[in-house]
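Only a predicted model underlies this, so the values are computations on that prediction, with no experimental measurement involved. Chain identifiers are assigned alphabetically (A, B, ...) following the order of the sequence lines, protein sequences preceding nucleic acid strands; residue numbering begins at 1 within each chain.
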Number of protein chains: 2
Amino acid sequence: MDPKTHALFVERARIIKALAHPSRLYIVDRLSQREHCVQELAELVNADISTVSRHLSILKNVDIVKDEKRGTKVFYSLHTPCVLNFFGCVEKVIKSSARERADLLEKES
Amino acid sequence: MDPKTHALFVERARIIKALAHPSRLYIVDRLSQREHCVQELAELVNADISTVSRHLSILKNVDIVKDEKRGTKVFYSLHTPCVLNFFGCVEKVIKSSARERADLLEKES
DNA sequence: TGGCTATTTGGTTAAATTGCCAAATATGGC
DNA sequence: GCCATATTTGGCAATTTAACCAAATAGCCA
């Protein structure tokens with residue numbers, strides 16, 4: 001693999017890695033409805049505020065979300081909404097594997 | 001967050017995690033063109049065969065790829081090609097952040 | 001300035017991921 | 001059965017990730 005191709009796939013993985021966590025996926029899901037401040041998100045994902053703040057900085061580092069400070073609060077919103085397209089395919093994968101497990105069960109019975 | 005919702009996002013993250021590695025993304029990319037045996041993939045990603053075998057088992061665990069044994073070789077192919085849709089959005093994210101870095105540079109100059 | 005609220009960051013620990021080597025396993029041909 | 005080829009798996013060390021608490025920072029208002 002030539003260096004440029006390698007760099008491209010490293011970069012792609014960097015983006016996908018940022019999404020590869022249940023809390024971060026849920027945060028993205030909530031932000032797809034409307035902006036939220038850190039505190040609100042912490043309640044939604046039911047985790048320590050500092051933990052959520054770290055999740056948000058990971059998402060911000062790859063520009064999936066953006067932040068805007070208003071007063072003492074920081075409001076986060078989706079910067080690249082197309083990441084929501086991921087979910088559609090992910091559901092397909094889940095269903096496909098669920099179907100296979102079901103098929104397998106039928107054959108076994 | 002209720003338990004069902006939580007389980008859904010854990011499951012989604014499981015799928016996305018399986019893709020969150022440069023070598024695995026490259027493997028998916030190659031398999032989108034045609035099936036390959038483990039040896040071929042090891043050469044393509046330039047890694048130890050055992051390492052590639054582990055990457056493949058990770059992808060297989062979430063049903064992104066499937067395998068078929070023929071003789072002593074095991075051929076892998078894409079089982080859920082829609083994961084390729086991920087790439088389109090990932091490129092957008094990359095470009096969007098690249099654009100912003102560019103804008104930032106302009107403003108600074 | 002001092003106090004209050006909201007968020008980020010440092011430090012630490014536990015857990016998960018990755019990669020390689022070596023050993024085990026499976027298949028086909030002699 | 002025995003050998004050669006192809007793949008998987010066990011074991012280990014190094015790196016990364018994740019979570020929490022505590023401390024630092026930032027903005028607002030009295």
Does a side-chain N or O from [X] land closer than 4.0 Å to OP1 or OP2 of [N], or not?
{"X": "A/S53", "N": "C/dT8", "result": "yes"}
{"X": "B/S50", "N": "C/dC20", "result": "no"}
{"X": "A/Y76", "N": "C/dT8", "result": "yes"}
{"X": "B/H55", "N": "C/dT17", "result": "no"}

Practice problem: Using heavy atoms to find the nearest nucleotide of DNA chain D for A/G71 and A/A47 separately, return the residue whose nucleotide is more 5′. | Solution: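 Nearest nucleotide further toward 5': that of A/A47.
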Regarding [X], tell me which of base, sugar-phosphate or nothing describes its non-hydrogen contacts under 4.0 Å with the strands shown.
{"X": "A/R24", "result": "sugar-phosphate"}
{"X": "B/S57", "result": "nothing"}
{"X": "B/K17", "result": "sugar-phosphate"}

Quiz item: What about A/T72: does its side chain form a donor-acceptor pair under 3.5 Å with the base of C/dC4?
Solution: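 Under the 3.5 Å cut-off, the side chain and the base do not form any donor-acceptor pair.
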Quiz item: Is B/R54 side chain donor-acceptor paired with the D/dG10 base, going by distance under 3.5 Å alone?
Solution: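 Check passes, donor-acceptor contact within cut-off.
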Quiz item: Under 4.0 Å between a Lys/Arg side-chain N and an Asp/Glu carboxylate O for B/E68 and B/K66?
Solution: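 No salt bridge links B/E68 with B/K66.
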Practice problem: Starting at atom CD of B/Q39, determine the distance to atom C1' of C/dA26, rounded to an integer number of angstrom. | Solution: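 Whole-Å distance recorded here is 15 Å.
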Quiz prompt | Separation of C/dA16 P from B/H21 NE2 (nearest whole Å) | solution =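 Distance check: B/H21 NE2 to C/dA16 P gives 18 Å.
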